[in-house]
Amino acid sequence: MVAQFLRLKLRLLRNIFRRSPLQVVGIVVGLIYGLGAALVIFLFLTGQRASDDVEFLRDVLVLGGSTVVVGFLLVPLVFGVDDTMDPRRFALFGVPDRTLALGLALAAAIGVPALALAIALAGTVVTWSRGVFETLLALVSAVLAFATCLLAARLTAGIAGLLLETRRAREVGSVIGVLLVVMLAPILVALATIDWAVSGRQVVATIAEVLSWTPLGAAFAVPGDASAGEWGPALVKLAIAAATAWLAWRAWDRLVAKMLVTPGREAAPRSYHGLGWFGRMPHGATGAIAARSITYWFRDARYWVSLVMVPVTPILVILPLAVAGVPPTYLALIPVPLVCLLLGWSLHNDTAFDSTAVWLHVASGVRGAADRAGRLVPVLIAGILVIGLGSAVTVFILDDWRLLPSLLGVSTALLLAGLGIGSITSAALPYPVVKPGDSPFQQPQSSGTVTALVQSVTMLGALVVAAPSVVFAGLGILVDPEWHMASLAAGVALGLLTLVVGVLAGGRVFTRRSPEILQAAVRA
C-alpha cells in the first residue's frame with residue numbers, strides 16, 4: 001500500500017510536465033533554480049569540513065536550520081497549498097488510518113522541496129564528518145531534521161485544509177500571512193542596526209544558543225556540539241530532536257484520522273435584510289453608486305485587503321528613517337499624509353474592479369460625473385476620519401498645535417488630488433485587475449507599461465498638487481509658524497480644485513469611452 005502511494009506521487013510529479021509549453025518552461029526553470037541553490041549550499045557546507053571555527057559554524061547552521069523549519073511550518077498554513085495528497089481524497093478506499101498516514105508522510109519525501117532539503121542536509125553530514133561518532137550523530141540528526149520538516153509541512157497543510165476551506169477563510173489567512181511578513185520588518189531593522197563587525201558574532205551565538213534548545217534548532221545543533229566536545233548537551237538536544245519528530249508523527253497520525261471523518265467546511269449562508277447602504281444613501285445615480293461602492297469596500301476582499309495594508313506602509317517607511325537618525329518630530333508628521341496619499345491613489349483603477357458589471361452603468365446611461373463622484377464616497381469618508389483624528393493625535397503627541405494647519409493642508413491636498421487624478425485615469429486607462437471572487441493576491445497579466453504609467457501618474461500628480469502646501473509647511477517649521485495657515489489654505493484650495501476638475505473631466509472621459517471600457521472589461 002505504501003508503495004502505491006509513492007508511485008502515485010511520482011505519477012503526479014510526472015504529469016506536471018504535460019502542461020502547455022510555457023508552463024513547462026516555467027516549471028523547469030523553477031526546478032533548476034531550486035535544486036541549483038541546494039547544490040550550492042551542499043558545496044559550501046562540504047567546503048566547511050576543514051573549518052576550525054566549530055562554534056561559529058554550529059551557530060550559523062542552527063540559525064539557518066531553524067529558519068527552514070519555520071518555513072516548512074508557516075508556508076502551507078498561512079498561504080495555503082493545493083494539496084494533491086489530501087487524506088480526505090482517500091476516505092472511500094478503506095485504507096487503515098495508520099497505513100494512510102505513513103504512506104502520505106513517505107510520499108511527502110518525493111518532491112522538489114524535499115529533495116532540496118535532503119541535499120542541504122547531506123551537506124551538513126559532510127561538514128560534521130570529523131570522527132566516527134560525530135558522523136553518526138550528524139547522520140541521525142539530519143534524518144530527524146528531514147522528518148520533522150516534512151511532517152511539519154504535512155501537519156500545517158492538513159490544518160490549512162480544514163481551516164481554510166472556504167474562500168473567505170483563505171483570504172483572511174492570506175492577509176494574516178502578509179501581516180506576519182510585514183511584522184518581520186522591525187526585526188530586520190533591528191538586525192540592521194547591529195554593528196556586525198564588533199558584536200555580530202556574539203548576537204549570532206546568543207540567538208543560536210536559545211534556538212538550539214528548542215524543537216526548531218535542536219537537530220541542527222547536535223553534531224556541532226559533538227564536534228566541539230560538548231557531548232552532554234549534544235545527547236540532550238538529540239533527545240529533544242527525536243521527541244519533536246515523534247510528536248510530529250503522532251500529531252500527523254491523529255490529524256489524518258480526524259480528517260477522514262470530518263467533512264469539508266462550507267461557507268455559512270448569510271441573510272441580509274433591507275436595502276443596506278442603498279436605503280441610507282440619497283436616491284439618485286450618485287447615491288446608488290456610492291452605496292454600491294461602500295458595499296464593495298466592506299464585502300469585497302480585493303478592497304479590504306488593500307485597505308488593511310494602507311496603515312502598514314507608514315511603519316515600513318518610518319523604521320528605516322528612524323534607523324538613519326531622522327528626528328522623531330519629523331517622523332511623527334509622516335503617517336497621516338502618507339496614509340492619505342495611499343487612500344487617494346487607491347482609486348486610480350477603480351473602474352476595472354467592476355469587471356463586466358460596468359455594463360450596468362453603460363446601459364443605464366448614468367452620467368459620467370455621477371459615476372466618478374459616487375465612487376469617491378467611501379474613500380472620502382475614510383480619508384476625512386484619518387485626517388481629522390490622525391492630525392489631532394499627531395499634534396497632541398508632539399505637543400505643538402501650531403503644526404495642525406499644515407498637517408491638515410498637506411493631508412487634504414494628497415487625498416483630494418489623488419482622488420481627482422484617479423477619477424480620470426480609471427476611466428481613461430483601466431488595466432486588468434483581479435476578477436471578482438478570485439484571490440486578492442492573484443495578479444493577472446497586463447501591459448507593464450500601461451500599469452506603471454497609470455500608477456506613476458496618479459502618485460506623482462498628487463505629490464505635485466500638494467507640493468505648495470508641503471513647501472509652506474516646511475517654512476512654517478523652519479522659518480515662521482505663520483506659514484502654517486498658508487499651507488492649510490493652499491492644500492485645501494488646490495485639493496478641492498483638483499477633485500472638482502478630476503470628477504468633471506473623468507466624467508466626460510467615462511461617457512465618451514464607455515464602449516471601450518466595457519470592451520476592456522469583457523476582454524480582461
- Closest contact, heavy atoms only, A114 versus F146: O-CE1, 3.3 Å
- Message: Evaluate L63 against V60 for side chain to side chain contact (heavy atoms under 4.5 Å, CB included), listing each step before the verdict.
- Response: CA-CA 5 Å; L63 287 176; V60 171; 5.8 Å; no
- Message: Which residues pass the salt bridge (Lys or Arg N to Asp or Glu O under 4.0 Å) test with R130, not counting sequence neighbours?
- Response: none
- Message: Using modelled atom types and a 3.5 Å cut-off, is there a donor and acceptor pairing between side-chain atoms of S406 and backbone atoms of L403?
- Response: no
- Message: Please find the pair of heavy atoms, one from V125 and one from A138, that lie closest to each other, and give the distance.
- Response: CG2-O, 3.8 Å
- Message: So does L343 get a backbone contact from the side chain of S346, meaning a donor-acceptor N/O pair under 3.5 Å?
- Response: yes
- Backbone N/O of H348 and side chain of T458: donor-acceptor pair under 3.5 Å: no
- Item | Any donor-acceptor pair under 3.5 Å from W345 side chain to Q455 backbone | yes
- Item | Partners passing salt bridge (Lys or Arg N to Asp or Glu O under 4.0 Å) against D225 (at least two apart in sequence or in another chain) | R58, K237
- List in chain and number order the residues that pass side-chain contact (heavy atoms from CB on, under 4.5 Å) with I41, two or more places apart in sequence or in another chain; answer none if no residue qualifies. L45, A120
- Note on the structure: In this structure, OG1 of T329 is separated from CD1 of I397 (nearest 0.5 Å) by 11.5 Å
- From S66 OG over to L211 CG, what is the distance, rounded to the nearest 0.5 angstrom? 4.0 Å
- Query: Is the shortest heavy-atom distance from the side chain of F220 to the side chain of L121 under 4.5 Å?
  - Reply: yes
- Side-chain touch V454/Y431, heavy atoms, less than 4.5 angstrom: yes
- Residues passing the salt bridge (Lys or Arg N to Asp or Glu O under 4.0 Å) test with D53, sequence neighbours excluded, are R201
- Message: Here's a test for you: under side-chain contact (heavy atoms from CB on, under 4.5 Å), which of V386, V410, I387 qualifies with P337?
- Response: V410
- Message: To the nearest 0.5 Å, what is the distance between CG on L338 and CG on L333?
- Response: 12.5 Å
- CA sep, side-chain torsions, deciding dist, call: L35, L115, side chain to side chain contact (heavy atoms under 4.5 Å, CB included): CA-CA 8 Å; L35 296 180; L115 180 58; 3.8 Å; yes
- Message: Please determine whether side chain to side chain contact (heavy atoms under 4.5 Å, CB included) holds for the pair L260 and V256, giving the CA-CA distance in whole Å, both sets of side-chain angles, and the decisive distance to 0.1 Å.
- Response: CA-CA 6 Å; L260 290 177; V256 169; 4.2 Å; yes
- Taking side chain as C-beta onward, heavy atoms only, is P335 less than 4.5 Å from I318? yes
- Message: Going by salt bridge (charged side-chain N to carboxylate O under 4.0 Å, His left out), name the pairs with one or both residues in residues 325-350, residues two or more places apart or in two chains.
- Response: D350-R375
- Query: Are the side chains of P223 and T124 in touch, meaning some heavy atoms are under 4.5 Å apart?
  - Reply: no
- Query: So which heavy atom on R49 is nearest to which on S129, and how close?
  - Reply: NH2-O, 2.7 Å
- Rounded to the nearest 0.5 Å, how far does CG of D400 lie from OG1 of T394? 12.0 Å
- Note on the structure: Rounding to 0.5 Å, atoms CD1 (I32) and CG (L39) come to a distance of 12.5 Å
- Query: Would a distance-only check, ignoring hydrogens and angles, find a side-chain to backbone donor-acceptor pair under 3.5 Å from W249 to L151?
  - Reply: no
- Task: Kindly indicate whether the side chain of L414, heavy atoms from C-beta on, has any atom under 4.5 Å from the side chain of L342.
- Result: no
- A152 and L73 have their tightest heavy-atom pair at CB-CD2, 3.6 Å
- Item | Non-neighbouring partners of A38 that pass side-chain contact (heavy atoms from CB on, under 4.5 Å), sequence neighbours left out | A116, I119
- S141 and L238: which non-hydrogen atoms are nearest, and at how many Å? OG-CD1, 4.1 Å
- Message: Please report the interatomic distance CH2(W297) to CD1(I381), rounded to the nearest 0.5 Å.
- Response: 11.5 Å
- Message: Main chain of E209, side chain of S212: is a donor-acceptor contact present, judged purely on distance under 3.5 Å?
- Response: yes
- Query: What pair of heavy atoms forms the shortest contact from W252 to A105, and how long is it?
  - Reply: NE1-CB, 3.9 Å
- Flag side-chain contact, heavy atom, 4.5 Å: T127 against T46: no
- Full working for side chain to side chain contact (heavy atoms under 4.5 Å, CB included) between V222 and W128: CA-CA 10 Å; V222 171; W128 300 119; over 6 Å; no
- Query: So, do V336 and V393 sit near enough that their side-chain heavy atoms are less than 4.5 Å apart?
  - Reply: no
- W231 side chain reached by L137 side chain, heavy atoms, under 4.5 Å: yes
- Are the side chain of D97 and the backbone N or O of D253 linked by a donor-acceptor pair below 3.5 Å? no
